[in-house]
Amino acid sequence: MEKGERTSAKVFGTILRKIMHISPLFCIESILLALLKAGERLSWILFPALLLEEMTTSHRVDQIILWGGLCIGVPAIFAMVNAFLSNALENLARYVEDELEASIDQVNMQTRYADFDSPEIHAIFQEIKDGQNMVGSVTGVIRNHILAITQHGFTLVLYVPLVFQLVMTDGALKGIEGAAAWICRNTPLFLVFIIILCGVTVALRYQLQQKAFHLVESFSGVEREYQYYVGIRSDYENGADIRLNGLGEMLGRRMEKYNQEERRMHLSQSAFQGRADFLLCVFKAIQTMAIYGFVLGKALWGAIGISGFYLYTSVLSQALTAMTEILRQCGEIKNAGKYYKGYLKLWERQTDTGNRELEQAPILACGDIVFEDVSFRYPGTQQWILKKINLTIRAGEKLAIVGRNGAGKTTLVKVLMGLYPVEFGHIYIDGRDVNTLNSQERFDAFSTVFQDYRLLAASLQDNVTAFEKDPDTERVLRALKDAGFEVKGEEELYRPVSRYLSDEGILFSGGEEQKIAIARALYKDAPYYIMDEPSAALDPIAEKEINERMLRATEGHTLLIISHRLSTCTRVDRVVVLDEGEILEEGSHQALLKRGGLYSQMWEAQARHYR
């Protein structure tokens, strides 16, 4: 077995086991449906053949009526049962697909934040997305390909007794001379010939299928680019930039480029498909002529009657189609397996994190934070972002971290919170080495506001409480008030913070959105607060007010503030100045001004504009 075939078998074997775990009923109903569809096909040819046999031999009216009724009734019953099962299977397929997507989301949430910078992770998710675009959903592949193989396999099994009956008719042609008669009384040899012819057809079809697949696959990059630009054009938040910066024309050119590429691909595919269909029709015609010629010979020499002619031509034709389809579907599965390898790669990364509700991690107490020789560089790079950081942050201290752009300020706090691993040096929180803590313990210890915060298309209250099951409305209102956000009434808490999902959503200014993000951190009320540019979108008056409110609200908590607005530093206990990943200066605001170093230069550069 080739490597690609082994890979596809492993991929779908794993997926099938996953689906069996999600819904055993889906697998059972799928197999049952395949068997019933095979039975339906058999009923289409068996009962008409028996009816013809009765009409051309015994002419018994009661038997003719019986077989006639069975000709109509049995396929009808099969069709109704199959329709019912197909509908039930469709509903189960949606459930299975949702669970598979949930498993991807679960792995997504279990993936370390640092790994999202890894090209490997991006490649895995893109691989799955490309698979969904190119070959459809996983359950669709299973129903359209794997179940088709099962159905045609059942068909071949059900036809075995009829083919054996055909072989038994060889004895009736003994003694008849001639090459044609010799062929007609050697059914096994004829079957071998038909199977070989089927193999040649399948091989040709597979080669054509691969070429067509690679043609469409080559277009996936263009499709990805198209979806990206469609997303830009459809996001109303980009509307101002597009219009003011004249980006509409550029986007139009990119869209037109895609349309041209799409037309070129479809023309090439149509021309190629036309040639492929012609060749396949030629081989199909050869197969059909061989089958009809062989069975007709048996009928002319008296080995079978009219009903036998109808029965065996139908059986051989459908058996040949079943074999062809089995091999074709195997080729389709092999192609699909190339894309769905992403599922295996994701599931291999999955770990058992346990039930958060049953195993809630304890929140750390507010203690000292100690950095010992902490260095950090991003995976796959050689540049050190942090270099031997040694720093002690006392419990309850208010600390500002400042520096030039790219100095490592945000990276420092992300390493502290566990978003990036501590691989060089040690960090201790309340005396505990952070490498001994699980991720949830560290996340629960921090209330954060990042400069790239996100609000969700949900109610104001849900945005503040992070979808807490039983939110405390009074605490929500207090957190919003401490963040400087004015709430006119409790009913406003339930209005959505966006118009993405509701026309009744409220569109807030950048400053108001930032206040909501601050309120979220205040509501969480963790031992340690980290504010990364918390007042970037606020005016100077609002900034002064929010700083005073934050200092009061975080009394008894450790507060780390990252800010380019150095006015914030006048109210904190200590300022740490980072430069090129190292601690350049530290001390109080006044002490650093007297020192005349980088902090003093940055302060003077800002203060000059206010004089």
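Values below: every heavy atom of this structure, side chains too, minus hydrogens, waters and symmetry copies. None of these values were measured; they are calculated from a predicted model.
L559 has its side chain within reach of M531: a pair of non-hydrogen atoms, C-beta onward, lies under 4.5 Å apart. Side chains of W603 and L592 form no contact here, defined as non-hydrogen atoms less than 4.5 Å apart. Under the 4.5 Å side-chain criterion, counting only non-hydrogen atoms from C-beta, V415 is in contact with L386. Within the 4.5 Å cutoff, no side-chain heavy atoms of S447 are placed close to those of Y523. Between L416 and Y528 there is no side-chain heavy-atom pair separated by less than 4.5 Å. Taking the side chain as every heavy atom from C-beta outward, T392 and I369 never approach each other to under 4.5 Å.
For the side-chain contact (heavy atoms from CB on, under 4.5 Å) test, residues two or more places apart in sequence or in another chain that qualify with A519 are V464, A479, L480, A483. Under the rule for a ring pair (Phe, Tyr, Trp, His ring centres under 6.0 Å), the partners of F376 that lie at least two apart in sequence or sit in another chain are Y378, Y420. Shown here are the ring pair (Phe, Tyr, Trp, His ring centres under 6.0 Å) partners of Y95, two or more places apart in sequence or in another chain: there are none. Applying the ring pair (Phe, Tyr, Trp, His ring centres under 6.0 Å) criterion to Y599, with sequence neighbours excluded, gives H589. For N91, the side-chain contact (heavy atoms from CB on, under 4.5 Å) partners are N87, R94, not counting sequence neighbours. Residues forming a side-chain contact (heavy atoms from CB on, under 4.5 Å) with S375 (at least two apart in sequence, or on another chain): W384, K388, F424. Under the rule for a salt bridge (Lys or Arg N to Asp or Glu O under 4.0 Å), R478 has no partner lying at least two apart in sequence or in another chain. Every side-chain contact (heavy atoms from CB on, under 4.5 Å) that Y428 has, sequence neighbours left out, goes to V370, E372, H426, D433.
In this structure, Q383 places its CD atom where only 12 or fewer heavy-atom neighbours from other residues, nucleotides or ligands lie under 6.0 Å away. Other residues, nucleotides and ligands place no more than 12 heavy atoms under 6.0 Å from the CD atom of E580.
Only one option out of V577, V413, D532 pairs with I401 in a side chain to side chain contact (heavy atoms under 4.5 Å, CB included); it is V413.
Of all heavy-atom pairs between C27 and I19, the closest is SG-CG2, 4.0 Å. Heavy-atom minimum distance, A445 versus P527: O-CD, 3.4 Å. The two residues A400 and V572 come nearest to each other via the heavy atoms CB-CG2, 3.8 Å. Taking each heavy atom of C366 and G396 in turn, the nearest pair found is SG-N, 3.8 Å. Taking both residues in full, the closest heavy atoms of T448 and A521 are given as O-CB, 3.7 Å, listed atom of the first, atom of the second, then distance. Between F450 and L419, the shortest heavy-atom distance links the atoms CZ-CD1, 4.1 Å.
For the ring pair (Phe, Tyr, Trp, His ring centres under 6.0 Å) condition, the pairs that include at least one residue of residues 540-586, sequence neighbours left out, are Y529-H557. The salt bridge (Lys or Arg N to Asp or Glu O under 4.0 Å) analysis of residues 546-563, with sequence neighbours excluded, yields the pairs K544-E548, E548-R571. For the ring pair (Phe, Tyr, Trp, His ring centres under 6.0 Å) condition, no pair includes a residue of residues 385-414, sequence neighbours left out. The salt bridge (Lys or Arg N to Asp or Glu O under 4.0 Å) contacts involving residues 389-410 comprise R394-E397, E397-R574, R404-D579, where partners must be two or more places apart or lie in separate chains.
The backbone N or O of E533 sits less than 3.5 Å from a side-chain atom of Q514, completing a donor-acceptor pair. Listed for the R520 side chain is a donor-acceptor partner under 3.5 Å among the backbone atoms of N463.
Of the inter-residue distances, the one linking I389 atom CD1 with T411 atom OG1 reads 10.5 Å to the nearest 0.5 angstrom. Separation of atoms CG (D444) and CG (N438) is listed at 8.5 Å; rounding is to 0.5 Å. Separation of atoms CD1 (I583) and CG (L412) is listed at 7.5 Å; rounding is to 0.5 Å. How far NZ of K515 is from CG of D482: 12.5 Å, rounded to the nearest 0.5 Å. Taken to the nearest 0.5 Å, the CD1 atom of I561 stands 7.5 Å off from the OG1 atom of T554. In this structure, the separation between CG on N390 and CD on E582 is 11.0 Å, given to the nearest 0.5 Å.
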Trace of the side chain to side chain contact (heavy atoms under 4.5 Å, CB included) decision for I518 with I516: CA-CA 5 Å; I518 293 171; I516 296 171; over 6 Å; no

Derivation and outcome, salt bridge (charged side-chain N to carboxylate O under 4.0 Å, His left out), residues E486 and K481: CA-CA 6 Å; E486 182 181 354; K481 181 180 178 181; over 6 Å; no

Pair E586-V575, side chain to side chain contact (heavy atoms under 4.5 Å, CB included): steps then yes or no: CA-CA 5 Å; E586 62 176 302; V575 179; over 6 Å; no

Derivation and outcome, side chain to side chain contact (heavy atoms under 4.5 Å, CB included), residues V402 and C569: CA-CA 9 Å; V402 300; C569 301; 3.6 Å; yes

Q461 and T473: CA distance, side-chain angles, deciding distance, side chain to side chain contact (heavy atoms under 4.5 Å, CB included) verdict: CA-CA 8 Å; Q461 178 167 273; T473 303; 3.7 Å; yes

